[in-house]
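Down below is the structure, laid out as structure tokens.
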Amino acid sequence: MPPPPARPQGVTSLPHQCSVLLRRLAASRSLTSSSFLRALRCLHARLLTSALLHAPPHPHLTLRLIHLYTLSGDLPAAATLFRADPCPVAATSLVAAYAAAGRLPAAVSFFDAVPQARRDTVLHNAVISAYARASHAAPAVAVFRSLLASGSLRPDDYSFTALLSAAGHLPNISVRHCAQLQCSVLKSGAGGVLSVSNALVALYMKCEALEATRDARKVLDEMPDKDALTWTTMVVGYVRRGDVGAARSVFEEVDVKFDVVWNAMISGYVHSGMVVEAFELFRRMVLERVPLDEFTFTSVLSACANAGFFAHGKSVHGQITRLQPNFVPEAALPVNNALVTLYSKCGNIAVARRIFDNMKSKDVVSWNTILSGYVESSCLDKAVEVFEEMPYKNELSWMVMVSGYVHGGFSEDALKLFNRMRAEDVKPCDYTYAGAISACGELGSLKHGKQLHGHLVQLGFEGSNSAGNALITMYARCGAVKEAHLMFLVMPNIDSVSWNAMISALGQHGHGREALELFDRMVAEGIYPDRISFLTVLTACNHSGLVDEGFQYFESMKRDFGIIPGEDHYTRLIDLLGRAGRIGEARDLIKTMPFEPTPSIWEAILSGCRTSGDMELGAHAADQLFKMTPQHDGRWVDAARVRKLMRDRGVKKEPGCSWIEAGNKVHVFVVGDTKHPEAHKVYKFLEMVGARMRKLGYVPDTKVVLHDMEPHQKEHILFAHSERLAVGFGLLKLPPGATVTVLKNLRICDDCHAVMMFMSKAVGREIVVRDVRRFHHFKDGECSCGNYW
DNA sequence: ATAGGGTTAG
């Protein structure tokens with residue numbers, strides 16, 4: 001018996017043993033779905049890393065460790081190991097892992113870290129596909145070109161697959177372009193490869209041209225083998241082209257229906273807003289025992305969230321919970337993301353947060369979902385918290401935050417963030433620009449707005465509708481109606497939002513008739529007006545005093561367009577009537593409303609009464625309003641006491657008198673002369689005060705509602721301002737001779753009888769109060785008045 | 001070590 005061959009030296013060394021173990025661990029594919037295995041891998045990787053700290057460096061081992069780390073989801077650890085030796089194989093793993101996590105810049109950095117001479121085809125492929133995944137066509141093509149230009153390297157079928165996929169993200173991809181690509185694929189000999197053909201089908205389906213579907217079909221018919229993805233590609237392609245019917249017939253054509261095709265069809269219905277059909281298909285899937293996977297659930301959950309079928313969504317949630325053990329963390333990720341969306345859309349942000357917190361792995365989408373959940377629930381401070389806490393952000397995170405700021409009235413912060421974004425070298429997308437432009441509009445900063453317009457043009461975002469619409473609004477807000485109109489004229493494809501913006505622009509500047517004409521033209525051009533359009537029209541009528549026209553459009557909205565007027569439409573109409581002194585009609589209108597009057601309806605009535613001097617109705621409206629407004633939370637001046645004082649002094653609901661309601665909703669009834677050249681500043685300032693108030697967190701859901709900033713009102717505008725702390729408060733102007741006891745947080749100017757309310761935090765601070773003509777300087781309880789101009 | 005399609009955030 002021959003002796004066993006002697007072991008080669010060094011094989012039993014620690015690195016070698018580890019290497020064997022690692023290879024086994026990484027290869028245990030059958031257990032991939034177990035999160036336990038992932039944890040185990042991670043644990044092993046960590047143990048080995050520390051064990052090998054003092055062992056001699058071993059390239060193979062490092063590679064295996066990197067692979068293990070990427071498999072177990074510990075990307076930073078993998079990246080650290082890579083930096084010690086930037087080899088192409090490790091880079092490939094990392095590029096793929098980071099791209100899969102949606103972190104493109106990091107993914108590309110690994111490619112960059114490998115010296116050009118060491119980059120191989122596989123690494124190039126990984127980068128091309130990383131760019132393709134992130135829909136960045138141009139850089140993907142550039143990397144492909146560099147692969148060709150290298151001389152020593154040749155693209156393989158992976159390269160072509162990734163390239164074709166990237167090409168699908170090119171804007172206006174043409175059939176000719178596709179054919180050219182097909183040609184070069186054939187020439188390279190990658191023509192018969194399934195994945196390449198699938199990518200080609202997808203590419204043709206992405207062309208806008210009608211005949212492109214024929215070409216796609218031709219490729220498909222010539223394919224010797226087709227798999228689930230081939231059919232899915234066709235279904236998805238048709239859905240993208242807006243042809244759900246064709247998608248459905250492809251779906252029916254497939255004999256053996258793979259679950260992927262079902263999922264594609266369901267998500268197709270969801271995207272087309274055909275929620276009923278989506279659910280129908282989902283039911284059939286269950287009946288036919290097609291395995292439901294995370295994609296199915298994600299689509300169905302998204303359907304529930306979009307359609308507002310929250311109860312249904314919750315029952316699907318239950319179903320998922322029963323299946324949870326079968327879900328791998330990375331598979332459950334999109335499902336969890338969809339769940340977070342569902343709960344935050346149905347207003348249950350707390351549950352959304354709980355799901356988010358319990359998620360084992362989170363990606364950019366998860367963070368963005370919870371971020372926008374907070375933004376939509378007007379919890380801006382929470383949103384900011386999340387934003388700063390996010391381990392990684394993408395363009396969308398910034399966009400959500402910028403537009404969230406604008407939406408919440410924090411235009412200054414929006415612009416600040418926008419600037420920070422550029423300082424951090426993040427390229428804003430057109431939506432972000434739209435947000436920043438709206439912020440300029442809100443702040444009335446034409447100069448800055450124009451500047452951004454310039455950047456937009458430079459960046460080639462000219463054709464963007466969101467940015468264009470924001471520009472129309474911005475120009476209108478800044479008083480540049482001509483520019484707004486010009487924008488409206490040059491925009492390549494105006495949508496209903498553009499029309500609404502332009503109608504509103506005209507209305508704002510008192511061109512009521514033109515606004516109505518534009519509305520008629522919109523309808524004549526076949527654009528269906530929505531509820532916003534009518535809101536805009538009513539506002540335009542309001543600004544120009546077109547009472548009868550307002551009524552006509554209101555009637556037409558119900559009769560011709562089947563839009564049920566909401567609270568906001570009634571409010572506008574009542575406001576319109578009130579301004580025209582036709583308060584009686586407004587009162588009659590309330591009775592015909594299909595719902596009980598809301599606070600804003602009473603506010604409109606109240607301000608109408610102020611104009612017409614209808615004391616009786618005004619008193620009634622005020623009483624209703626007070627009844628409805630929630631109690632203050634103790635941090636504010638007791639509005640009830642002030643009200644009582646006013647009543648006691650016989651100043652209740654006097655025309656021209658403005659007042660405040662404290663509580664969860666703070667109404668700042670500003671009575672002002674808007675013709676004054678400085679008036680718009682006051683207006684902006686008050687908005688800012690409201691915004692800051694919320695930001696400071698004094699009263700969570702505070703809304704500052706401004707009233708009576710119309711040209712025909714000519715009274716004082718009073719407001720308060722502190723250099724350090726802008727405080728939210730309201731102002732009462734009492735008639736001369738009225739005496740009011742000073743409450744804890746209340747001060748009165750003896751000279752002009754302005755009553756100020758401060759938050760307790762502001763008491764004792766130096767507060768400067770100005771009105772348009774006078775200023776009040778409060779210090780140590782003293783008030784000095786003087787002329788401001 | 002890399003790939004094609006479908007899911008989630010606006």
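Residue numbering restarts at 1 for every chain, and letters A, B, ... go by the order of the sequence lines.
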Choosing from [options], which nucleotide comes nearest the side chain of [X]?
X	options	value
A/V89	B/dA1, B/dG10, B/dA9	B/dA1
A/P334	B/dT2, B/dT8, B/dA9	B/dT8
A/S267	B/dG6, B/dA1, B/dA3	B/dG6
A/T92	B/dT7, B/dG10, B/dT2	B/dT2
A/T298	B/dA9, B/dT8, B/dA3	B/dT8

Please state how far atom [atom1] in [X] lies from atom [atom2] in [N], giving the value in whole angstrom units.
X	N	atom1	atom2	value
A/N198	B/dG6	CG	P	11 Å
A/I355	B/dT8	CD1	C1'	13 Å
A/R103	B/dA9	CZ	P	21 Å
A/L342	B/dT8	CG	P	13 Å
A/K206	B/dG6	NZ	C1'	12 Å
A/N337	B/dT8	CG	C1'	5 Å
A/F111	B/dA1	CZ	C1'	14 Å
A/M265	B/dT7	CE	P	12 Å

Looking for any heavy atom pair under 4.0 Å, which part of the strands does [X] touch: base, sugar-phosphate only, or nothing?
X	value
A/V236	sugar-phosphate
A/D120	base
A/E395	nothing
A/L194	base
A/S195	base

Counting only side-chain N and O atoms of [X], is one of them less than 4.0 Å from OP1 or OP2 of [N]?
X	N	result
A/S302	B/dT8	yes
A/S299	B/dT7	no
A/R133	B/dG4	no
A/S372	B/dG10	yes
A/H271	B/dG6	no

*Roughly how far, to the nearest 0.5 Å, is NZ of A/K206 from SG of A/C178?*
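Rounded to the nearest 0.5 Å, the SG-NZ separation comes to 10.0 Å.
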
Can you give me every donor-acceptor pair (side chain of residues 340-347 of chain A, partner residue at least two apart or in another chain, under 3.5 Å) with its distance?
residue: A/T341; atom: OG1; partner: A/N337; partner atom: O; Å: 2.8
residue: A/Y343; atom: OH; partner: A/H317; partner atom: ND1; Å: 2.8
residue: A/S344; atom: OG; partner: A/V340; partner atom: O; Å: 3.1
residue: A/S344; atom: OG; partner: A/T341; partner atom: O; Å: 3.3
residue: A/K345; atom: NZ; partner: A/N306; partner atom: OD1; Å: 3.3

_With salt bridge (Lys or Arg N to Asp or Glu O under 4.0 Å) as the rule and sequence neighbours excluded, what pairs involving residues 362-379 of chain A come up?_
none

*Assess the side chains of A/D227 and A/N198: does a donor N or O sit below 3.5 Å from an acceptor N or O?*
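Short answer, yes.
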
*Mind checking what makes side chain to side chain contact (heavy atoms under 4.5 Å, CB included) contact with A/A470, not counting sequence neighbours?*
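For A/A470 the side chain to side chain contact (heavy atoms under 4.5 Å, CB included) partners, ignoring immediate neighbours, are A/A434, A/I437, A/S438.
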
*Report yes if some heavy atom in the side chain of A/T121 is under 4.5 Å from a heavy atom in the side chain of A/R154; otherwise report no.*
no

Show me the donor-acceptor pairs within less than 3.5 Å that the side chains of residues 131-150 of chain A make with the rest of the protein, sequence neighbours left out.
residue: A/S146; atom: OG; partner: A/V143; partner atom: O; Å: 2.7
residue: A/S150; atom: OG; partner: A/L147; partner atom: O; Å: 2.7
residue: A/S150; atom: OG; partner: A/L153; partner atom: N; Å: 3.2

*Ignoring hydrogens and angles, answer whether the base of B/dA1 and the side-chain atoms of A/S93 contain a donor-acceptor pair closer than 3.5 Å.*
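Under the 3.5 Å cut-off, the side chain and the base do not form any donor-acceptor pair.
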
*asked:* Can you tell me how the ring of A/H312 sits relative to the ring of A/F279, calling it parallel under 30°, perpendicular over 60° and tilted otherwise?
replied: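 Judged by the thresholds at 30° and 60°, the geometry between A/H312 and A/F279 is tilted.
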
*Considering only heavy atoms, which members of residues 221-233 of chain A lie under 4.0 Å from some atom of DNA chain B?*
A/D227, A/L229, A/T232, A/T233

*Contacts of type ring-ring contact (aromatic ring centres under 6.0 Å, His included), residue A/Y269, not counting sequence neighbours*: none

*Would A/F295 pass as stacked on B/dT7, i.e. its ring centre under 5.5 Å from the base's six-membered ring centre and planes under 30° apart?*
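Not stacked by the 5.5 Å and 30° rule.
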
